[in-house]
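Notes to accompany the following structure.
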Number of protein chains: 2
Amino acid sequence: MQSFPLERDGLVPVYVQIRKRLLDRITSGDLKAGDLMPSEQEISGTLGVSRMTARQAVKSLCDWGIAYSMRGKGTFVSPVKLEKNFRQAQSFTEEMNALGFRPSSQVFALKAERAPTEVAEALKAGRNSEVIRLDRLRLANSKPMGIECAYLLHSMCPGLIHVFDPQASLYETLWKQFGLSIAVADEIVEVGLPSAAAASLLRISRNKPVFLFTRVSYARRGHSMQAVEYVKSTYRGDRYKIANRLTRAKLKLAGISV
Amino acid sequence: MQSFPLERDGLVPVYVQIRKRLLDRITSGDLKAGDLMPSEQEISGTLGVSRMTARQAVKSLCDWGIAYSMRGKGTFVSPVKLEKNFRQAQSFTEEMNALGFRPSSQVFALKAERAPTEVAEALKAGRNSEVIRLDRLRLANSKPMGIECAYLLHSMCPGLIHVFDPQASLYETLWKQFGLSIAVADEIVEVGLPSAAAASLLRISRNKPVFLFTRVSYARRGHSMQAVEYVKSTYRGDRYKIANRLTRAKLKLAGISV
DNA sequence: CAGTGGTCTAGACCACAGT
DNA sequence: CTGTGGTCTAGACCACTGT
């Protein structure tokens, strides 16, 4: 167990930080499938937390299917294939960097609220679940590219509101602070015209076509995927395009809406 | 909350007994979807257990998706019905059938010609290679959906002009007649406004946004891929949308044009 | 036997929602 | 303000595993 001190400022719960360290040891290969994880008592003593707190971290890994416990023996890493070399699914920030643009953002909303019905259903969460809403204008080389309105399940990233740096990459923060790695996303792409508000923020006229994205992102959680993020975006049609590599199966996903 | 005493003999954990009572109230209809469940403090007081024990019962219901909590408000019965959910991504065919559409095509060009520079480069063929050009209006229930202009390498499908049935699937013909199996396609998606000709064929006004597709399709040939088809398409934005499942690698292909 | 996870206690402070 | 859930503590007893 790494023994550098935990942050006790109350921004990110201690058990989340501990869980993150355990996850790091698994993804780095330090702890392999079948290996014995540090015991609750050991974590408690090493990191100076109560055993219940250590247990909360270990328990959540078991809930995620990443570990399993045996009474009297210990807790072991599940034989689940957690991909090494964990690269993040690309966020706007990473995408712009890769293309040599300088990404930036203007955050105009960051708050907790109750999930709208559409969001709750997409995230498979109960109606009125708590979500964190993050509205941002995305820019490349200081030129407006698109607007994103993201809803994140609060239960997956408690404390995000306090630790999120408005200029940082959301995906990077999700990984560094909460051990969440976005692995896959389902996306609906439509075309349309911008709302008056969107047109103003994007500095285009209302008759310019735009991309409309609806995306649900998933993090790997043991054997299954956990919906984490629901995003509605509007992107300028004159500055954005999509490149897809389609397989035969994927060609069939293209759909019609009346 | 029923208040008859809990069994403290250690055979069944107390929190399991509490959870069972809460579940009974839900399945019996006493607690309905959206209803406020007894608070952790209330359970703690009524049943004479510590709050952490009451919490453990409630928390496990939340983990199961049967309830959800909101800080400061309470814990509520979840509206999810485990059986009815959930929407699955529909394939093109399934969606057409579900909507009762009948697909058809109008061919308005089928001829051999010299490859335009752009096409030749995309297909990695020599300049002035011979290609077969196939222009089609695609319809669903006789309503125009999109226009496709395809260029096929003549050397890969000689005689296509003579054997192609205008109402048949192009890919099916390529397979049955020439043994070409389209395995993968690289596609660029842009938004725009239709040309005058396209708007007329699609029966929309020129200020309606459309999808613009540029696609290069490849057939498996031994261990490598052979470019076969280059397609430019214009699809009505009000009748078409795209569903993508993005992995990390796919997200990387998204690109910018300034 | 010592060490493990499973359960439980009786408090505590906090952030947040509604009054 | 009170009541809620979210987190955390410093203990405790238990059942179980291995030596």
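Every value quoted in this text rests on a predicted model; they were computed, and no experiment measured them. Letters A, B, ... mirror the listed sequences (proteins, then strands); counts begin at 1.
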Check: Which listed nucleotide (C:dC8, D:dT9, D:dT7) is nearest to the side chain of B:Q56?
Finding: C:dC8
Check: Which nucleotide in the list C:dT7, C:dA10, D:dC8 gets nearest to the side chain of A:T53?
Finding: D:dC8
Notebook entry, point to check: Between A:N141 (side chain) and A:K143 (backbone), is there a donor-acceptor pair under 3.5 Å?
Noted result: no
Notebook entry, point to check: Out of C:dT9, D:dG5, C:dG5, which nucleotide sits closest to the side chain of B:E40?
Noted result: D:dG5
Next item on the list: Please state how far atom CG in A:L11 lies from atom C1' in C:dA15, giving the value in whole angstrom units.
Entry: 12 Å
Note to self: Would you say A:Y15 places a side-chain N or O within less than 4.0 Å of OP1 or OP2 belonging to D:dC8?
What the structure shows: no
Note to self: Can a side-chain donor-acceptor contact be found between B:Y240 and A:E190 if the only test is distance below 3.5 angstrom?
What the structure shows: no
Check: Hey, which of these two, B:G74 or A:V16, hits DNA chain D nearer its 5' end, going by closest nucleotide?
Finding: B:G74
Note to self: Measuring to OP1 and OP2 of C:dG18, would you say a side-chain N or O of B:K73 lies under 4.0 angstrom away?
What the structure shows: yes
Item checked: Main-chain N/O of B:I43 paired to B:T46 side chain as donor or acceptor, under 3.5 Å -> no
Notebook entry, point to check: Relative to the 5' end of DNA chain C, which residue comes earlier, B:P13 or A:E113, by the nucleotide with the nearest heavy atom?
Noted result: B:P13
Note to self: So, does A:Q41 get its side chain near the phosphate of C:dG5, meaning an N or O under 4.0 Å from OP1 or OP2?
What the structure shows: yes
Notebook entry, point to check: Is A:V58 touching bases, backbone alone, or none of the nucleic acid, heavy atoms closer than 4.0 Å?
Noted result: nothing
Note to self: For B:A54 and A:A112, find the nucleotide of DNA chain C closest to each by heavy atoms; which residue's nucleotide sits nearer the 5' end?
What the structure shows: B:A54
Item checked: Pairing partner of C:dA12 (Watson-Crick or G-U wobble, both distances under 3.5 Å) -> D:dT7
Note to self: On the nucleotide C:dG3, are OP1 or OP2 found under 4.0 Å from the side-chain N or O atoms that A:S39 carries?
What the structure shows: no
Note to self: Quiz question: going by heavy-atom distance under 3.5 Å, is there a donor-acceptor pair between the base of C:dG6 and the side chain of A:R51?
What the structure shows: yes
Margin query: Tell me whether A:K20 forms a cation-pi arrangement with A:W175, defined as NZ or CZ under 6.0 Å from the six-membered ring centre and within 45 degrees of its axis.
Written below: yes
Note to self: When you measure from the side-chain N and O atoms of A:T75 to the phosphate of C:dT4, is any distance below 4.0 Å, counting only OP1 and OP2?
What the structure shows: no
Notebook entry, point to check: If only side-chain N and O atoms of A:R55 are considered, is one of them under 4.0 Å from the OP1 or OP2 phosphate oxygen of C:dG6?
Noted result: yes
Check: Rounded to whole angstroms, how far apart are NZ on A:K111 and P on C:dA17?
Finding: 12 Å
Notebook entry, point to check: How do A:G48 and A:G72 order along DNA chain D: which one's closest nucleotide is nearer the 5' end?
Noted result: A:G48
Next item on the list: Taking only the side-chain heavy atoms of A:V14 (C-beta and beyond), determine which of D:dC8, C:dC16, D:dT7 contains the nearest atom.
Entry: D:dC8
Next item on the list: Check the distance between D:dG18's P and A:R71's CZ and give it to me in whole angstrom.
Entry: 14 Å
Note to self: How many whole angstroms separate atom CD of A:E7 from atom C1' of D:dT7?
What the structure shows: 16 Å
Notebook entry, point to check: Starting at CE of B:M52 and ending at C1' of D:dC13, how long is that distance when rounded to a whole Å?
Noted result: 17 Å
Notebook entry, point to check: Please give, in whole Å, the distance from D:dG5 P to B:E42 CD?
Noted result: 9 Å
Check: Under 3.5 Å, is there a donor-acceptor pair between the A:Y235 and A:E148 side chains?
Finding: yes
Item checked: Under-4.0 Å side-chain N/O to phosphate OP1/OP2 contact, B:S69 with D:dG5 -> no
Margin query: Measure CG/A:L6 against P/D:dC8 and give the value in whole Å, please.
Written below: 9 Å
Notebook entry, point to check: Atom CG in A:L22, atom CG in A:L31: separation rounded to 0.5 Å?
Noted result: 7.5 Å
Check: Whole Å only: how far is the CZ atom of B:R8 from the P atom of C:dT7?
Finding: 13 Å
